[in-house]
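Notes follow once the structure below has been shown.
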Amino acid sequence: MPVDPALFGDSGWFAACPESLRDALVARGQWRKYAPGERATGDVEAPQTGMFGVYQGTFDIKTPRADGELVTFHSLSRGHWIGEISILSEQNQLAVMEARVASEVLFVPAPVVLDIVTRTPAHYRDFYRLTRRNMNIAIEALIGLVASDADHKIAFRLLQLDRMNCVPGGWLDMSQNDLAEMLGLSIASVRRGLTELARANAIELGYARMRVHRAKLASWIETH
């Protein structure tokens with residue numbers, strides 16, 4: 001029986017893949033669960049063991065600063081995949097993937113990915129589409145970081161995370177500390193910015209999570 005295209009959400013890379021690729025990934029992949037704070041990958045520059053599709057939960061993507069300390073660059077939630085670029089380019093991994101909350105992934109070992117494209121070279125295009133999606137995410141995150149002030153850095157990143165959410169307008173597993181680290185801002189600056197956005201009804205704050213009201217947040221960005 002064919003794999004449900006919506007297994008990882010109604011939209012996204014997996015849903016757009018050909019049936020043959022979806023079936024191969026699920027049939028030859030391994031379901032893995034991770035506790036909060038547990039790494040799914042090894043250290044940066046370690047061999048890329050496979051690619052990961054986030055089924056539930058949230059993972060922080062951490063990269064090293066110039067001094068070697070790992071910092072959170074972005075986060076990925078349900079429906080997002082990572083790891084293909086290092087496998088297909090035969091390079092070591094670029095970042096560390098760490099569970100922020102209890103999470104589950106479909107792990108596809110690197111030899112399986114390589115075997116899939118060897119058997120069906122047309123699937124290279126599907127993996128390149130994934131690489132382009134991930135590159136768009138990284139570029140958009142970098143653009144948001146050059147915003148002129150802390151409040152706009154916060155607003156741009158929350159808007160992006162909501163667009164990436166498999167349930168737009170749903171809760172994001174994100175604390176103020178998480179957001180501060182991701183944006184390189186002080187916790188005090190993030191707290192002030194979130195309070196401002198909450199007063200404008202552009203976001204809703206909960207315990208270690210937040211929810212975006214997309215239209216109101218976009219309007220706030222345009223008018224401030």
4.5 Å side-chain heavy-atom contact, M97 and V54:
yes
N/O donor-acceptor pair under 3.5 Å between R22 side chain and C17 backbone
yes
Does a side-chain heavy-atom distance below 4.5 Å link L194 with L179?
yes
Can you confirm whether T41 sits close enough to T49 that some side-chain heavy atom of one is under 4.5 Å from a side-chain heavy atom of the other?
no
Keeping S86 on the side-chain end and N92 on the backbone end, is there a donor-acceptor pair under 3.5 Å?
yes
Stepwise, does the side chain to side chain contact (heavy atoms under 4.5 Å, CB included) test hold for L142 with F73?
CA-CA 9 Å; L142 288 171; F73 171 71; 4.1 Å; yes
W13 six-ring centre to R133 NZ/CZ under 6.0 Å and within 45° of normal
no
Okay, side chain of T195, backbone of R191: is any donor-acceptor separation there less than 3.5 Å?
yes
Checking ring pair (Phe, Tyr, Trp, His ring centres under 6.0 Å) between W31 and each of F107, Y55, F52, which is the one that passes?
Y55
Do D126 and L130 have side-chain heavy atoms sitting under 4.5 Å apart?
no
Do you reckon I82 sits in the same ILVMFWY cluster as I87, going by side-chain contacts under 4.5 Å, direct or chained?
no
Check the pair E19, D23 against side chain to side chain contact (heavy atoms under 4.5 Å, CB included), reporting the backbone distance first and the verdict last.
CA-CA 6 Å; E19 181 181 305; D23 290 348; 3.6 Å; yes
Please evaluate residues L21 and T120 with respect to the criterion side chain to side chain contact (heavy atoms under 4.5 Å, CB included), reporting the C-alpha separation (whole Å), side-chain torsions for both, the decisive distance (0.1 Å), and the verdict.
CA-CA 9 Å; L21 179 53; T120 311; over 6 Å; no
Can a salt bridge be assigned to the pair R214 and D162 using a cut-off of 4.0 Å between side-chain N and carboxylate O?
yes
Whether W220 and H152 hold their rings parallel, tilted or perpendicular, with breakpoints at 30° and 60°:
tilted
Check step by step if side chain to side chain contact (heavy atoms under 4.5 Å, CB included) holds for I61 and V96.
CA-CA 6 Å; I61 305 303; V96 169; over 6 Å; no
Specify the closest pair of heavy atoms between L158 and M210, including all atoms of both residues, with the distance to one decimal.
CD2-SD, 3.6 Å
Whether K216 and E204 form a salt bridge (side-chain N of Lys/Arg under 4.0 Å from carboxylate O of Asp/Glu) is what I want to check.
no
Check each of M51, R28, Q30 against P109 using the side-chain contact (heavy atoms from CB on, under 4.5 Å) test, and report the only one that passes.
Q30
Within the structure provided, determine whether R100 and D178 are in side-chain contact (heavy-atom separation under 4.5 Å).
yes
Does the plane of the ring in Y34 sit parallel, tilted or perpendicular to the ring in F59? Use 30° and 60° as the thresholds.
perpendicular
Between N201 and H213, the two heavy atoms sitting closest are O-CD2, 3.2 Å
In this structure, would L145 and F156 fall into the same cluster of hydrophobic residues linked by side-chain contacts under 4.5 Å?
yes
I want to check something: taking the side chain as every heavy atom from C-beta on, are E181 and K62 in contact at a cut-off of under 4.5 Å?
yes
Ignoring hydrogens, what is the shortest heavy-atom contact between G193 and I154? Give both atom names and the distance.
CA-CD1, 3.9 Å
Do I85 and Q91 have side-chain heavy atoms sitting under 4.5 Å apart?
no
Correct closest heavy-atom pair for V44 and Q93 would be N-NE2, 4.0 Å
Got a donor-acceptor contact below 3.5 angstrom from the H80 side chain to the M164 backbone?
yes
Using atom types as modelled and distance alone, determine if a side-chain donor or acceptor of R157 lies under 3.5 Å from a backbone N or O of L183.
no
Heavy-atom closest pair (F14 atom, D4 atom, distance to 0.1 Å) is CE2-O, 3.8 Å
Might you point out which heavy atoms bring P64 and G68 nearest each other, and give the distance in Å?
CB-O, 4.0 Å
4.5 Å side-chain heavy-atom contact, P18 and H123
yes
